[in-house]
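Here is the structure we will look at, set down as C-alpha coordinates.
Just so you know, these numbers use all the heavy atoms, side chains as well, and skip hydrogens, waters and symmetry mates. Given the structure is predicted, the values throughout are model-derived calculations rather than measurements.
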Number of protein chains: 2
Amino acid sequence: MSQMQQVERQLREMILGLDIGPGEKLTERWIESRFGASRTPVRAALLRLETEGLVARDGRGWTVSPINLAEIEQIAVYRQAVEAAAARLTAMLTDKSGLDAIEAMLDSCGPDTPREEWHRVGTDFHVELARLSGNEFLFRAVRDAMTRLSRARWLEIRDEAASARAWAEHGTILTALRAGRGDEAADLLIRHIGGSRDRLVGSLQTERRGLRARGFAVVAA
Amino acid sequence: MSQMQQVERQLREMILGLDIGPGEKLTERWIESRFGASRTPVRAALLRLETEGLVARDGRGWTVSPINLAEIEQIAVYRQAVEAAAARLTAMLTDKSGLDAIEAMLDSCGPDTPREEWHRVGTDFHVELARLSGNEFLFRAVRDAMTRLSRARWLEIRDEAASARAWAEHGTILTALRAGRGDEAADLLIRHIGGSRDRLVGSLQTERRGLRARGFAVVAA
DNA sequence: GATACCATTTTGGTATCCCAAACCGGGATA
DNA sequence: TATCCCGGTTTGGGATACCAAAATGGTATC
(Lines give C-alpha, C1' and ligand atoms only; values in the text may rest on other atoms or scores of the structure.)
Protein backbone atom coordinates (compact mmCIF):
# COMPACT_ATOMS: atom_id res chain seq x y z
CA MET A 1 0.00 0.00 0.00
CA SER A 2 1.29 3.44 -0.90
CA GLN A 3 2.32 5.84 1.82
CA MET A 4 -0.36 8.26 0.76
CA GLN A 5 -3.02 5.68 1.49
CA GLN A 6 -1.38 4.82 4.78
CA VAL A 7 -1.24 8.43 5.89
CA GLU A 8 -4.82 8.95 4.75
CA ARG A 9 -6.06 5.90 6.61
CA GLN A 10 -4.17 6.60 9.83
CA LEU A 11 -5.07 10.26 9.86
CA ARG A 12 -8.70 9.42 9.22
CA GLU A 13 -8.65 6.96 12.10
CA MET A 14 -7.13 9.54 14.41
CA ILE A 15 -9.77 12.07 13.45
CA LEU A 16 -12.70 9.68 13.67
CA GLY A 17 -11.32 8.26 16.91
CA LEU A 18 -11.12 11.79 18.33
CA ASP A 19 -7.40 11.41 18.96
CA ILE A 20 -7.28 14.77 17.24
CA GLY A 21 -10.14 16.90 18.45
CA PRO A 22 -12.70 18.59 16.21
CA GLY A 23 -11.51 22.10 15.46
CA GLU A 24 -7.86 21.35 16.13
CA LYS A 25 -5.26 22.91 13.86
CA LEU A 26 -3.19 20.63 11.67
CA THR A 27 0.13 21.40 10.06
CA GLU A 28 1.52 19.42 7.19
CA ARG A 29 4.83 19.24 8.99
CA TRP A 30 3.33 17.77 12.11
CA ILE A 31 1.58 15.05 10.13
CA GLU A 32 4.79 14.48 8.20
CA SER A 33 6.82 13.80 11.33
CA ARG A 34 3.97 11.99 13.07
CA PHE A 35 3.64 9.38 10.35
CA GLY A 36 7.17 9.38 9.01
CA ALA A 37 6.20 10.37 5.51
CA SER A 38 7.20 13.36 3.46
CA ARG A 39 4.91 16.20 2.56
CA THR A 40 3.93 14.79 -0.82
CA PRO A 41 1.81 11.93 0.51
CA VAL A 42 0.68 14.11 3.41
CA ARG A 43 -0.73 16.72 1.06
CA ALA A 44 -2.45 14.07 -1.03
CA ALA A 45 -4.04 12.60 2.08
CA LEU A 46 -5.24 16.01 3.25
CA LEU A 47 -6.80 16.75 -0.11
CA ARG A 48 -8.76 13.53 0.04
CA LEU A 49 -9.84 13.96 3.64
CA GLU A 50 -10.98 17.44 2.70
CA THR A 51 -13.43 16.00 0.18
CA GLU A 52 -14.65 13.63 2.88
CA GLY A 53 -15.35 16.61 5.08
CA LEU A 54 -13.10 15.41 7.87
CA VAL A 55 -10.58 18.17 7.36
CA ALA A 56 -11.20 21.73 6.26
CA ARG A 57 -9.14 24.65 5.12
CA ASP A 58 -8.69 27.36 7.71
CA GLY A 59 -7.29 30.33 5.90
CA ARG A 60 -4.03 29.03 4.53
CA GLY A 61 -3.85 26.08 6.89
CA TRP A 62 -5.77 22.97 7.83
CA THR A 63 -8.23 22.20 10.58
CA VAL A 64 -9.98 19.08 11.74
CA SER A 65 -13.60 19.80 10.88
CA PRO A 66 -15.61 20.90 13.93
CA ILE A 67 -18.77 19.12 14.95
CA ASN A 68 -21.43 21.16 13.18
CA LEU A 69 -25.01 20.84 14.37
CA ALA A 70 -26.44 22.59 11.32
CA GLU A 71 -24.54 20.15 9.12
CA ILE A 72 -25.85 17.21 11.10
CA GLU A 73 -29.40 18.35 10.50
CA GLN A 74 -28.78 18.83 6.80
CA ILE A 75 -27.18 15.44 6.51
CA ALA A 76 -30.27 13.88 8.04
CA VAL A 77 -32.43 15.33 5.27
CA TYR A 78 -29.93 14.17 2.68
CA ARG A 79 -29.89 10.69 4.18
CA GLN A 80 -33.65 10.51 4.23
CA ALA A 81 -33.68 11.19 0.51
CA VAL A 82 -30.99 8.77 -0.54
CA GLU A 83 -31.65 5.98 1.94
CA ALA A 84 -35.36 5.94 1.11
CA ALA A 85 -34.50 5.67 -2.56
CA ALA A 86 -32.02 2.90 -1.86
CA ALA A 87 -34.57 1.03 0.23
CA ARG A 88 -37.13 1.10 -2.58
CA LEU A 89 -34.55 -0.42 -4.90
CA THR A 90 -33.42 -2.99 -2.37
CA ALA A 91 -36.99 -4.10 -1.70
CA MET A 92 -37.27 -5.12 -5.33
CA LEU A 93 -34.41 -7.58 -5.15
CA THR A 94 -35.38 -11.23 -5.46
CA ASP A 95 -32.18 -12.40 -3.80
CA LYS A 96 -32.62 -11.86 -0.07
CA SER A 97 -29.20 -13.17 0.96
CA GLY A 98 -27.84 -9.68 1.34
CA LEU A 99 -30.58 -8.89 3.82
CA ASP A 100 -29.74 -12.07 5.69
CA ALA A 101 -26.15 -10.94 6.04
CA ILE A 102 -27.27 -7.58 7.42
CA GLU A 103 -29.61 -9.24 9.87
CA ALA A 104 -26.82 -11.54 11.03
CA MET A 105 -24.68 -8.49 11.57
CA LEU A 106 -27.34 -6.88 13.75
CA ASP A 107 -27.86 -10.08 15.70
CA SER A 108 -24.14 -10.33 16.42
CA CYS A 109 -24.55 -7.44 18.86
CA GLY A 110 -25.47 -8.55 22.36
CA PRO A 111 -25.50 -7.00 25.82
CA ASP A 112 -21.78 -7.59 26.29
CA THR A 113 -20.75 -6.27 22.89
CA PRO A 114 -18.33 -3.35 23.22
CA ARG A 115 -19.64 0.10 22.43
CA GLU A 116 -17.23 0.42 19.54
CA GLU A 117 -18.82 -2.54 17.85
CA TRP A 118 -22.35 -1.19 18.30
CA HIS A 119 -21.23 2.02 16.70
CA ARG A 120 -19.75 0.21 13.73
CA VAL A 121 -22.71 -2.08 13.19
CA GLY A 122 -25.16 0.79 13.56
CA THR A 123 -23.31 2.53 10.76
CA ASP A 124 -22.87 -0.51 8.57
CA PHE A 125 -26.56 -1.31 8.72
CA HIS A 126 -27.27 1.80 6.70
CA VAL A 127 -24.23 1.59 4.47
CA GLU A 128 -24.71 -2.05 3.55
CA LEU A 129 -28.39 -1.50 2.89
CA ALA A 130 -27.46 1.21 0.44
CA ARG A 131 -24.87 -1.05 -1.13
CA LEU A 132 -27.51 -3.68 -1.74
CA SER A 133 -29.44 -1.20 -3.85
CA GLY A 134 -26.77 -1.72 -6.47
CA ASN A 135 -26.62 2.01 -7.12
CA GLU A 136 -23.08 3.23 -6.68
CA PHE A 137 -24.11 6.83 -6.12
CA LEU A 138 -26.68 6.09 -3.46
CA PHE A 139 -24.14 3.84 -1.79
CA ARG A 140 -21.38 6.43 -1.76
CA ALA A 141 -23.80 9.08 -0.57
CA VAL A 142 -24.80 7.01 2.45
CA ARG A 143 -21.25 5.90 3.19
CA ASP A 144 -19.92 9.44 3.07
CA ALA A 145 -22.79 10.79 5.13
CA MET A 146 -22.23 8.16 7.81
CA THR A 147 -18.51 8.97 7.83
CA ARG A 148 -19.28 12.61 8.48
CA LEU A 149 -21.68 11.68 11.25
CA SER A 150 -19.30 9.19 12.82
CA ARG A 151 -17.70 11.44 15.43
CA ALA A 152 -20.97 13.03 16.45
CA ARG A 153 -22.56 9.61 16.86
CA TRP A 154 -19.62 8.51 18.94
CA LEU A 155 -19.97 11.50 21.26
CA GLU A 156 -23.70 10.97 21.61
CA ILE A 157 -24.92 9.89 25.02
CA ARG A 158 -27.21 7.01 24.17
CA ASP A 159 -29.46 5.60 26.80
CA GLU A 160 -30.28 1.94 26.79
CA ALA A 161 -33.87 2.55 25.77
CA ALA A 162 -32.93 4.62 22.74
CA SER A 163 -30.43 2.03 21.54
CA ALA A 164 -32.97 -0.73 21.91
CA ARG A 165 -35.53 1.27 20.00
CA ALA A 166 -33.09 1.98 17.19
CA TRP A 167 -32.24 -1.71 16.93
CA ALA A 168 -35.91 -2.63 16.87
CA GLU A 169 -36.45 -0.12 14.07
CA HIS A 170 -33.62 -1.71 12.11
CA GLY A 171 -35.44 -5.00 12.48
CA THR A 172 -38.78 -3.71 11.22
CA ILE A 173 -37.06 -2.06 8.27
CA LEU A 174 -35.45 -5.37 7.34
CA THR A 175 -38.78 -7.14 7.63
CA ALA A 176 -40.46 -4.67 5.29
CA LEU A 177 -37.61 -4.97 2.81
CA ARG A 178 -37.69 -8.75 2.89
CA ALA A 179 -41.43 -8.67 2.17
CA GLY A 180 -40.79 -6.39 -0.78
CA ARG A 181 -42.67 -3.51 0.82
CA GLY A 182 -40.31 -0.79 -0.40
CA ASP A 183 -42.53 2.18 0.35
CA GLU A 184 -43.11 1.02 3.89
CA ALA A 185 -39.40 0.42 4.41
CA ALA A 186 -38.63 3.87 3.01
CA ASP A 187 -41.13 5.43 5.36
CA LEU A 188 -39.77 3.58 8.36
CA LEU A 189 -36.26 4.59 7.37
CA ILE A 190 -37.23 8.25 7.10
CA ARG A 191 -38.76 8.17 10.58
CA HIS A 192 -35.77 6.26 11.93
CA ILE A 193 -33.32 8.80 10.55
CA GLY A 194 -35.42 11.67 11.82
CA GLY A 195 -35.52 10.17 15.28
CA SER A 196 -31.78 9.53 15.23
CA ARG A 197 -31.15 13.10 14.24
CA ASP A 198 -33.34 14.49 17.02
CA ARG A 199 -31.68 12.41 19.69
CA LEU A 200 -28.23 13.11 18.29
CA VAL A 201 -28.64 16.86 18.07
CA GLY A 202 -30.36 16.96 21.44
CA SER A 203 -27.58 14.99 23.07
CA LEU A 204 -24.88 17.16 21.56
CA GLN A 205 -26.61 20.35 22.57
CA THR A 206 -26.84 19.05 26.12
CA GLU A 207 -23.23 17.96 26.05
CA ARG A 208 -21.96 21.03 24.32
CA ARG A 209 -20.37 22.58 27.36
CA GLY A 210 -18.58 19.39 28.27
CA LEU A 211 -17.35 18.88 24.75
CA ARG A 212 -15.95 22.37 24.58
CA ALA A 213 -14.21 21.72 27.87
CA ARG A 214 -12.50 18.79 26.20
CA GLY A 215 -11.27 21.17 23.52
CA PHE A 216 -13.76 20.05 20.90
CA ALA A 217 -15.19 22.72 18.64
CA VAL A 218 -18.95 22.40 18.34
CA VAL A 219 -20.65 24.77 15.93
CA ALA A 220 -24.26 25.63 16.67
CA ALA A 221 -27.19 24.78 14.46
CA MET B 1 -5.60 32.26 -7.38
CA SER B 2 -3.20 29.42 -6.67
CA GLN B 3 -1.75 27.44 -9.52
CA MET B 4 -3.42 24.30 -8.27
CA GLN B 5 -6.80 25.93 -8.68
CA GLN B 6 -5.84 27.25 -12.10
CA VAL B 7 -4.67 23.88 -13.31
CA GLU B 8 -7.76 22.26 -11.86
CA ARG B 9 -10.08 24.72 -13.54
CA GLN B 10 -8.38 24.63 -16.91
CA LEU B 11 -8.07 20.88 -16.95
CA ARG B 12 -11.71 20.54 -15.97
CA GLU B 13 -12.71 22.85 -18.79
CA MET B 14 -10.66 20.87 -21.30
CA ILE B 15 -12.27 17.63 -20.16
CA LEU B 16 -15.82 18.96 -20.05
CA GLY B 17 -15.25 20.70 -23.40
CA LEU B 18 -14.09 17.42 -24.89
CA ASP B 19 -10.76 18.95 -25.83
CA ILE B 20 -9.42 15.82 -24.21
CA GLY B 21 -11.53 12.86 -25.21
CA PRO B 22 -13.21 10.49 -22.78
CA GLY B 23 -10.91 7.54 -22.22
CA GLU B 24 -7.77 9.40 -23.18
CA LYS B 25 -4.61 8.78 -21.18
CA LEU B 26 -3.18 11.60 -19.16
CA THR B 27 0.34 11.96 -17.84
CA GLU B 28 1.28 14.33 -15.08
CA ARG B 29 4.21 15.50 -17.15
CA TRP B 30 2.03 16.40 -20.10
CA ILE B 31 -0.31 18.43 -17.93
CA GLU B 32 2.70 20.03 -16.28
CA SER B 33 4.11 21.28 -19.56
CA ARG B 34 0.68 22.08 -21.02
CA PHE B 35 -0.21 24.47 -18.22
CA GLY B 36 3.26 25.60 -17.22
CA ALA B 37 2.96 24.40 -13.66
CA SER B 38 5.07 21.94 -11.75
CA ARG B 39 3.91 18.50 -10.73
CA THR B 40 2.84 19.45 -7.25
CA PRO B 41 -0.17 21.53 -8.28
CA VAL B 42 -0.84 19.13 -11.13
CA ARG B 43 -1.12 16.21 -8.77
CA ALA B 44 -3.38 18.16 -6.46
CA ALA B 45 -5.64 19.04 -9.36
CA LEU B 46 -5.81 15.42 -10.49
CA LEU B 47 -6.75 14.25 -7.01
CA ARG B 48 -9.64 16.67 -6.93
CA LEU B 49 -10.83 15.90 -10.43
CA GLU B 50 -10.74 12.25 -9.46
CA THR B 51 -13.27 12.84 -6.71
CA GLU B 52 -15.43 14.70 -9.23
CA GLY B 53 -15.33 11.62 -11.43
CA LEU B 54 -13.84 13.46 -14.38
CA VAL B 55 -10.54 11.64 -14.15
CA ALA B 56 -9.89 8.07 -13.09
CA ARG B 57 -6.93 5.95 -12.18
CA ASP B 58 -5.84 3.51 -14.84
CA GLY B 59 -3.37 1.18 -13.21
CA ARG B 60 -0.64 3.48 -12.08
CA GLY B 61 -1.61 6.28 -14.44
CA TRP B 62 -4.50 8.59 -15.16
CA THR B 63 -7.32 8.52 -17.67
CA VAL B 64 -10.07 10.92 -18.59
CA SER B 65 -13.20 9.10 -17.42
CA PRO B 66 -15.02 7.39 -20.27
CA ILE B 67 -18.67 8.07 -20.98
CA ASN B 68 -20.38 5.32 -19.00
CA LEU B 69 -23.97 4.47 -19.85
CA ALA B 70 -24.47 2.40 -16.71
CA GLU B 71 -23.25 5.33 -14.65
CA ILE B 72 -25.61 7.70 -16.43
CA GLU B 73 -28.56 5.50 -15.54
CA GLN B 74 -27.47 5.28 -11.92
CA ILE B 75 -26.99 9.02 -11.73
CA ALA B 76 -30.56 9.49 -12.93
CA VAL B 77 -31.87 7.47 -9.99
CA TYR B 78 -29.65 9.40 -7.64
CA ARG B 79 -30.84 12.70 -9.08
CA GLN B 80 -34.46 11.68 -8.77
CA ALA B 81 -33.92 11.06 -5.07
CA VAL B 82 -32.04 14.24 -4.25
CA GLU B 83 -33.80 16.64 -6.60
CA ALA B 84 -37.23 15.51 -5.44
CA ALA B 85 -36.16 16.09 -1.85
CA ALA B 86 -34.75 19.49 -2.74
CA ALA B 87 -37.96 20.43 -4.55
CA ARG B 88 -40.08 19.60 -1.51
CA LEU B 89 -37.91 21.90 0.57
CA THR B 90 -37.89 24.65 -2.02
CA ALA B 91 -41.67 24.57 -2.32
CA MET B 92 -41.95 25.48 1.33
CA LEU B 93 -40.03 28.74 0.93
CA THR B 94 -42.05 31.88 1.38
CA ASP B 95 -39.57 33.98 -0.53
CA LYS B 96 -40.16 33.28 -4.22
CA SER B 97 -37.44 35.59 -5.55
CA GLY B 98 -35.08 32.70 -6.11
CA LEU B 99 -37.65 31.05 -8.33
CA ASP B 100 -38.05 34.31 -10.22
CA ALA B 101 -34.33 34.35 -10.92
CA ILE B 102 -34.44 30.81 -12.24
CA GLU B 103 -37.42 31.61 -14.44
CA ALA B 104 -35.61 34.64 -15.82
CA MET B 105 -32.66 32.43 -16.61
CA LEU B 106 -34.88 30.03 -18.53
CA ASP B 107 -36.55 32.88 -20.38
CA SER B 108 -33.20 34.27 -21.44
CA CYS B 109 -32.88 31.37 -23.88
CA GLY B 110 -34.41 32.09 -27.25
CA PRO B 111 -34.29 30.56 -30.72
CA ASP B 112 -31.00 32.27 -31.53
CA THR B 113 -29.30 31.42 -28.26
CA PRO B 114 -26.12 29.41 -28.84
CA ARG B 115 -26.19 25.73 -28.00
CA GLU B 116 -23.54 26.22 -25.34
CA GLU B 117 -25.84 28.57 -23.45
CA TRP B 118 -28.78 26.16 -23.61
CA HIS B 119 -26.55 23.49 -22.18
CA ARG B 120 -25.46 25.70 -19.34
CA VAL B 121 -28.91 26.95 -18.48
CA GLY B 122 -30.37 23.46 -18.69
CA THR B 123 -27.81 22.42 -16.09
CA ASP B 124 -28.16 25.47 -13.91
CA PHE B 125 -31.92 25.07 -13.69
CA HIS B 126 -31.41 21.91 -11.69
CA VAL B 127 -28.39 23.11 -9.73
CA GLU B 128 -29.92 26.42 -8.71
CA LEU B 129 -33.15 24.75 -7.74
CA ALA B 130 -31.18 22.51 -5.42
CA ARG B 131 -29.31 25.50 -4.06
CA LEU B 132 -32.59 27.17 -3.17
CA SER B 133 -33.43 24.23 -0.95
CA GLY B 134 -30.82 25.59 1.43
CA ASN B 135 -29.45 22.13 2.02
CA GLU B 136 -25.77 22.08 1.22
CA PHE B 137 -25.65 18.33 0.70
CA LEU B 138 -28.56 18.19 -1.69
CA PHE B 139 -27.04 21.10 -3.55
CA ARG B 140 -23.62 19.51 -3.88
CA ALA B 141 -25.15 16.21 -4.89
CA VAL B 142 -27.04 17.82 -7.76
CA ARG B 143 -24.12 19.98 -8.80
CA ASP B 144 -21.73 17.05 -8.85
CA ALA B 145 -24.20 14.83 -10.68
CA MET B 146 -24.73 17.45 -13.35
CA THR B 147 -20.99 17.86 -13.73
CA ARG B 148 -20.61 14.16 -14.36
CA LEU B 149 -23.43 14.26 -16.89
CA SER B 150 -22.13 17.35 -18.63
CA ARG B 151 -20.14 15.68 -21.40
CA ALA B 152 -22.82 13.12 -22.17
CA ARG B 153 -25.44 15.88 -22.35
CA TRP B 154 -23.20 17.82 -24.68
CA LEU B 155 -22.81 14.85 -27.01
CA GLU B 156 -26.52 14.16 -27.02
CA ILE B 157 -28.32 14.76 -30.27
CA ARG B 158 -31.33 16.76 -29.16
CA ASP B 159 -34.14 17.36 -31.56
CA GLU B 160 -36.08 20.59 -31.40
CA ALA B 161 -39.19 18.87 -30.04
CA ALA B 162 -37.37 17.23 -27.17
CA SER B 163 -35.71 20.49 -26.16
CA ALA B 164 -39.01 22.33 -26.25
CA ARG B 165 -40.62 19.63 -24.15
CA ALA B 166 -37.82 19.77 -21.59
CA TRP B 167 -38.16 23.54 -21.35
CA ALA B 168 -41.92 23.25 -20.93
CA GLU B 169 -41.36 20.75 -18.13
CA HIS B 170 -39.01 23.16 -16.43
CA GLY B 171 -41.81 25.70 -16.57
CA THR B 172 -44.44 23.43 -15.04
CA ILE B 173 -42.03 22.48 -12.27
CA LEU B 174 -41.46 26.13 -11.45
CA THR B 175 -45.20 26.75 -11.40
CA ALA B 176 -45.79 23.91 -8.97
CA LEU B 177 -42.96 25.15 -6.74
CA ARG B 178 -44.22 28.69 -6.77
CA ALA B 179 -47.66 27.45 -5.71
CA GLY B 180 -46.07 25.53 -2.87
CA ARG B 181 -47.10 22.17 -4.30
CA GLY B 182 -43.92 20.36 -3.36
CA ASP B 183 -45.12 16.82 -3.95
CA GLU B 184 -46.36 17.68 -7.39
CA ALA B 185 -43.08 19.42 -8.26
CA ALA B 186 -41.14 16.42 -6.98
CA ASP B 187 -43.25 14.10 -9.10
CA LEU B 188 -42.82 16.25 -12.20
CA LEU B 189 -39.08 16.42 -11.56
CA ILE B 190 -38.83 12.66 -11.26
CA ARG B 191 -40.61 12.19 -14.57
CA HIS B 192 -38.53 14.92 -16.16
CA ILE B 193 -35.27 13.31 -15.06
CA GLY B 194 -36.46 9.91 -16.18
CA GLY B 195 -37.37 11.24 -19.61
CA SER B 196 -34.03 13.04 -19.89
CA ARG B 197 -32.20 9.87 -19.02
CA ASP B 198 -34.08 7.82 -21.60
CA ARG B 199 -33.43 10.28 -24.39
CA LEU B 200 -29.82 10.73 -23.32
CA VAL B 201 -28.99 7.05 -23.13
CA GLY B 202 -30.90 6.37 -26.32
CA SER B 203 -29.06 9.08 -28.17
CA LEU B 204 -25.67 7.91 -26.95
CA GLN B 205 -26.39 4.32 -27.87
CA THR B 206 -27.34 5.42 -31.36
CA GLU B 207 -24.28 7.60 -31.61
CA ARG B 208 -21.95 5.13 -30.05
CA ARG B 209 -20.23 4.10 -33.25
CA GLY B 210 -19.62 7.69 -34.27
CA LEU B 211 -18.32 8.62 -30.85
CA ARG B 212 -15.88 5.74 -30.88
CA ALA B 213 -14.72 6.88 -34.29
CA ARG B 214 -13.87 10.24 -32.74
CA GLY B 215 -11.72 8.38 -30.23
CA PHE B 216 -14.21 8.71 -27.38
CA ALA B 217 -14.48 5.75 -25.07
CA VAL B 218 -18.12 4.87 -24.40
CA VAL B 219 -18.74 2.09 -21.90
CA ALA B 220 -21.95 0.11 -22.31
CA ALA B 221 -24.77 0.01 -19.80
C1' DG C 1 -1.15 47.91 31.41
C1' DA C 2 -2.42 48.00 26.75
C1' DT C 3 -1.01 48.52 22.13
C1' DA C 4 1.53 49.15 18.01
C1' DC C 5 5.49 47.64 15.61
C1' DC C 6 9.26 44.99 13.93
C1' DA C 7 12.42 40.75 13.65
C1' DT C 8 12.13 35.92 13.56
C1' DT C 9 10.07 31.69 12.80
C1' DT C 10 6.77 28.81 10.85
C1' DT C 11 3.91 27.25 7.22
C1' DG C 12 1.77 26.16 2.96
C1' DG C 13 2.75 26.54 -2.19
C1' DT C 14 5.84 25.30 -5.66
C1' DA C 15 9.77 23.41 -8.17
C1' DT C 16 12.90 19.84 -8.71
C1' DC C 17 15.41 15.61 -7.97
C1' DC C 18 15.62 10.56 -7.26
C1' DC C 19 13.87 5.98 -7.66
C1' DA C 20 11.54 1.73 -8.53
C1' DA C 21 8.15 -0.10 -11.30
C1' DA C 22 5.67 -0.16 -15.48
C1' DC C 23 5.87 0.40 -20.32
C1' DC C 24 7.63 -0.04 -24.98
C1' DG C 25 10.12 -1.48 -28.97
C1' DG C 26 13.09 -4.31 -31.33
C1' DG C 27 15.50 -8.31 -32.11
C1' DA C 28 16.15 -13.29 -31.38
C1' DT C 29 13.83 -17.57 -31.62
C1' DA C 30 10.67 -21.21 -32.55
C1' DT D 1 4.68 -14.99 -38.66
C1' DA D 2 3.80 -15.09 -33.91
C1' DT D 3 6.01 -15.06 -29.42
C1' DC D 4 9.18 -14.22 -25.93
C1' DC D 5 12.74 -11.68 -23.84
C1' DC D 6 15.49 -7.85 -22.65
C1' DG D 7 17.24 -3.22 -22.09
C1' DG D 8 16.19 1.48 -22.50
C1' DT D 9 12.70 4.96 -21.59
C1' DT D 10 8.81 6.85 -19.37
C1' DT D 11 5.98 7.52 -15.45
C1' DG D 12 4.00 8.03 -10.99
C1' DG D 13 5.38 8.02 -5.92
C1' DG D 14 8.14 10.14 -2.76
C1' DA D 15 11.73 13.36 -0.76
C1' DT D 16 13.67 17.71 -0.44
C1' DA D 17 14.94 22.56 -1.30
C1' DC D 18 13.29 27.21 -1.73
C1' DC D 19 10.19 31.03 -1.31
C1' DA D 20 6.69 34.31 -0.04
C1' DA D 21 3.22 35.09 3.13
C1' DA D 22 1.37 34.59 7.51
C1' DA D 23 1.83 33.81 12.32
C1' DT D 24 4.51 34.66 16.48
C1' DG D 25 6.72 36.79 20.12
C1' DG D 26 9.15 40.21 22.23
C1' DT D 27 9.99 45.16 22.76
C1' DA D 28 9.39 49.93 22.74
C1' DT D 29 5.97 53.38 23.21
C1' DC D 30 2.08 55.75 24.98
Contacts to DNA chain C from residues 41-55 of chain B, heavy-atom cutoff under 4.0 Å, which residues? B/Pro41
Within the structure provided, determine whether B/Val82 and B/Phe137 are in side-chain contact (heavy-atom separation under 4.5 Å). no
Atom-to-atom span, CE of A/Met1 to C1' of D/dG14 - whole angstrom: 17 Å
Name the first nucleotide and the last nucleotide along DNA chain C (5' to 3') that come under 4.0 Å of a heavy atom in chain B. C/dT14 to C/dA22
Donor-acceptor list for residues 198-206 of chain A side chains, cut-off 3.5 Å, not counting sequence neighbours:
| from | atom 1 | to | atom 2 | distance (Å) |
| --- | --- | --- | --- | --- |
| A/Ser203 | OG | A/Ile157 | N | 2.9 |
| A/Thr206 | OG1 | A/Gly202 | O | 2.9 |

Can you name the residues that form a side chain to side chain contact (heavy atoms under 4.5 Å, CB included) with A/Arg48, not counting sequence neighbours? A/Met4, A/Glu8, B/Leu47, B/Glu50, B/Arg57
Mind checking if A/Thr40 touches a base, just sugar-phosphate, or nothing, with heavy atoms under 4.0 Å? base
Return the set of residues passing side chain to side chain contact (heavy atoms under 4.5 Å, CB included) with A/Asp124 (not counting sequence neighbours), or none when no residue passes. A/Met105, A/Arg120, A/Glu128
Grab the N/O contacts between the protein and nucleotides 5-11 of chain D below 3.5 Å, and write none if there aren't any.
| from | atom 1 | to | atom 2 | distance (Å) |
| --- | --- | --- | --- | --- |
| D/dT11 | O2 | B/Arg60 | NH1 | 3.4 |
| D/dT11 | O2 | B/Arg60 | NH2 | 2.4 |

A/Arg39 meets the side chain to side chain contact (heavy atoms under 4.5 Å, CB included) criterion, sequence neighbours left out, with A/Glu28, A/Arg29, A/Glu32, A/Arg43
Does anything in residues 87-96 of chain A pair up under salt bridge (Lys or Arg N to Asp or Glu O under 4.0 Å), and if so which pairs, sequence neighbours excluded? A/Arg88-A/Asp183
Determine which nucleotide pairs with D/dC30, using a 3.5 Å limit on both distances of a Watson-Crick or G-U wobble pair. C/dG1
Contacts satisfying ring-ring contact (aromatic ring centres under 6.0 Å, His included) that involve residues 192-221 of chain B (not counting sequence neighbours) are B/His126-B/His192, B/His170-B/His192
Provide the closest heavy-atom pair for B/Ile67 versus B/Ala152 in the form atom of the first, atom of the second, distance. CD1-N, 4.0 Å
Does any residue of residues 3-14 of chain A have a heavy atom under 4.0 Å from DNA chain D, and if so, which ones, in number order? A/Gln3, A/Met4
By side chain to side chain contact (heavy atoms under 4.5 Å, CB included) - contacts of B/Thr63 (at least two apart): B/Lys25, B/Asp58
Of all pairs that satisfy salt bridge (Lys or Arg N to Asp or Glu O under 4.0 Å), the ones with a partner from residues 144-154 of chain B, not counting sequence neighbours: B/Glu71-B/Arg148
Does A/Arg214 CZ have over 12 foreign heavy atoms under 6.0 Å away? no
Find which nucleotide of DNA chain D each of A/Arg39 and A/Gly59 is nearest to by heavy atoms, and output the residue with the more 5' nucleotide. A/Arg39
Does B/Glu52 pair with B/Arg12 as a salt bridge, N-O distance under 4.0 Å? yes
Heavy atoms of A/Val127 and A/Met146 approach each other most closely as CG2-CG, 3.9 Å
